[in-house]
J.: 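Right, I'll just put the structure down here and ask away after.
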Amino acid sequence: MPKTTTGRAPAPGTRRTMTAAARAAAKRAERGHREAGAATAGDEESPRRAERPRAGRTVLVDAPKDGWDDPPEPSPESFEEDAPQERSEPGPGGRRRPLTLLLAVLLVVGLVALAALGWQYRDGRLTETARAEALAAARKAAPVVLSYDYRRLDKDFSTARAHLTGDFRDEYGKTTKTVVAPTAEKYHGVVKATVAAPGSGGTPAASVVSASPDKVVVLLFVNQVTESTQVSGARVDQNRVRMTMDRTGDGWKVSAVDAL
């Protein structure tokens, strides 16, 4: 009868060591499979990413006459050509607006200057006309306003007031009624005024001091010959008289008389 040899069972500590080693080997194998799968998936995804066109861009490539064996891939230069260009200078339409505004401003300035020149020209013409008309009216009014005769005072004063205007007309009426008329009647006064003439004759001595279209100041040289019971013979007074003439609806009238 053959001898049976019974195998010796491994000790518990030996089994635990082998079990731990097996688990570690299994984990390493599992990790290796996982990394290999990830690498394979990454390699498959990379061509897809390379083949994916850039979003929002379309590239047109002209094909050759014989065609392509394989269509070419778009190059980065194609996208660079389609890149936004730098802002160019404004064209003729953009430049036209500032030019139009400038021309409009110049036109307005020109019209204002033309209106001002027109107004000055009109004012100058009116002033020149006023000078001539007022000077003639002053020469005519001075002898009438500065003369009177005690024998016809009412007539002389009434005629003189026709050449006057404004407050001076009222003042003249009060003065002649309260002062001049009583004195002239009492002493039989007669005053005759004339605008002096140059020694060689001709235009009477009168000139315009200042003038505007509606008011003119005139300087007159007036000779007054006075006769009364208070003087023997006739007395001649040479006076300088400044008369202010105003334009009215009835022509040029005297608004002030000042003896200088």
J.: Under the side-chain hydrogen bond (donor to acceptor under 3.5 Å, both in side chains) rule, collect the residues that match up with Asp170, sequence neighbours excluded.
T.: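 Per chain and number, Asp170 pairs via side-chain hydrogen bond (donor to acceptor under 3.5 Å, both in side chains) with no residue.
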
J.: On the 0 to 90° scale, with breaks at 30° and 60°, tag the Tyr150-His188 ring pair as parallel, tilted or perpendicular.
T.: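 Ring orientation, 0 to 90° scale: parallel.
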
J.: State the CE-CG distance between Met245 and Asp214, to the nearest 0.5 angstrom.
T.: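 Between Met245 CE and Asp214 CG, I get 13.5 Å after rounding to 0.5 Å.
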
J.: Quick check: do Thr175 and Glu171 have side-chain heavy atoms less than 4.5 Å from each other?
T.: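 Yes, close enough: below the 4.5 Å cut-off.
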
J.: Once rounded to the nearest 0.5 Å, what's the spacing between atom CZ of Arg131 and atom OG of Ser210?
T.: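 Spacing of CZ (Arg131) from OG (Ser210) equals 9.0 Å.
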
J.: For Ser147 versus Ala193, what's the shortest heavy-atom pair and its separation?
T.: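 Heavy atoms of Ser147 and Ala193 come nearest at OG-N, 2.7 Å.
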
J.: Where do Val217 and Arg242 land on the side-chain contact (heavy atoms from CB on, under 4.5 Å) test, with the steps shown first?
T.: CA-CA 7 Å; Val217 178; Arg242 181 174 61 201; 3.6 Å; yes

J.: How far apart are the closest heavy atoms of Val180 and Phe157, and which atoms are they?
T.: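 Where Val180 meets Phe157 most closely, the heavy atoms are CG1-CZ, 3.8 Å.
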
J.: In sequence, state the C-alpha distance, the side-chain angles, and the governing distance for Leu135 and Arg139, and then conclude on side-chain contact (heavy atoms from CB on, under 4.5 Å).
T.: CA-CA 6 Å; Leu135 184 59; Arg139 289 171 178 166; 3.5 Å; yes

J.: Not counting sequence neighbours, which residues clear side chain to side chain contact (heavy atoms under 4.5 Å, CB included) with Thr194? List them please.
T.: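 Side chain to side chain contact (heavy atoms under 4.5 Å, CB included) check on Thr194 returns Asn223.
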
J.: Sort out for me which residue in Val195, Leu260, Asp258, Leu146 forms a side-chain contact (heavy atoms from CB on, under 4.5 Å) with Val241.
T.: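 That would be Leu146.
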
J.: Begin from the C-alpha positions of Val236 and Gln224 and carry the test side-chain contact (heavy atoms from CB on, under 4.5 Å) through to its verdict.
T.: CA-CA 6 Å; Val236 178; Gln224 285 182 307; over 6 Å; no

J.: Within a strict 4.5 Å, meaning less than it, do heavy atoms of the Glu133 and Arg247 side chains meet?
T.: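 In contact.
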
J.: In Å and rounded to the nearest 0.5 Å, what is the CE to CG distance from Met243 to Leu219?
T.: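 Met243 CE to Leu219 CG: 11.5 Å, rounded to 0.5 Å.
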
J.: What pair of heavy atoms forms the shortest contact from Val231 to Thr226, and how long is it?
T.: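 The pair with the smallest heavy-atom distance is CG2-O, 4.2 Å.
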
J.: If I compare all heavy atoms of Ser212 with all of Ala130, which pair ends up nearest, and what's the gap?
T.: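 It is O-CB, 3.4 Å.
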
J.: Please step through side-chain contact (heavy atoms from CB on, under 4.5 Å) for the pair Lys140 and Val144, ending with a clear verdict.
T.: CA-CA 7 Å; Lys140 182 178 180 181; Val144 178; 5.8 Å; no

J.: Roughly how far apart are Asp250 CG and His163 NE2, rounded to 0.5 Å?
T.: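 So the gap between those two atoms works out to 12.0 Å.
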
J.: Going by side-chain hydrogen bond (donor to acceptor under 3.5 Å, both in side chains), name the residues that satisfy it together with Thr176, two or more places apart in sequence or in a different chain.
T.: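 For Thr176, no residue satisfies side-chain hydrogen bond (donor to acceptor under 3.5 Å, both in side chains) once neighbours in sequence are set aside.
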
J.: Could you pull out the closest heavy-atom pair between Pro213 and Thr127, with the gap in Å?
T.: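 Between these two residues, the closest heavy atoms are CD-OG1, 3.4 Å.
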
J.: How many angstroms lie between CG in Leu102 and CG in Leu107, if you round to the nearest 0.5 Å?
T.: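 Between atom CG of Leu102 and atom CG of Leu107 there are 11.0 Å.
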
J.: Please determine whether residues Leu126 and Val218 belong to a single hydrophobic cluster, defined as Ile, Leu, Val, Met, Phe, Trp and Tyr linked transitively by side-chain heavy-atom distances below 4.5 Å.
T.: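 Not linked; separate clusters.
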
J.: Find out whether Val145 and Tyr172 are in side-chain contact, i.e. whether some heavy atom of one side chain is under 4.5 Å from a heavy atom of the other.
T.: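 In contact.
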
J.: Any side-chain heavy-atom pair from Lys215 and Thr244 closer than 4.5 angstrom?
T.: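 A side-chain contact under 4.5 Å exists here.
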
J.: Can you give me the closest heavy-atom contact between Ala138 and Leu220, atom names plus distance?
T.: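 Heavy atoms of Ala138 and Leu220 come nearest at O-CD1, 3.9 Å.
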
J.: Are Asp246 and Lys253 within salt-bridge range, i.e. N to O under 4.0 Å?
T.: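 Salt bridge absent between Asp246 and Lys253.
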
J.: For the pair Arg235 and Asp237, find out whether any cationic side-chain nitrogen is under 4.0 Å from an anionic carboxylate oxygen.
T.: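 Answer for the salt bridge query: yes.
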
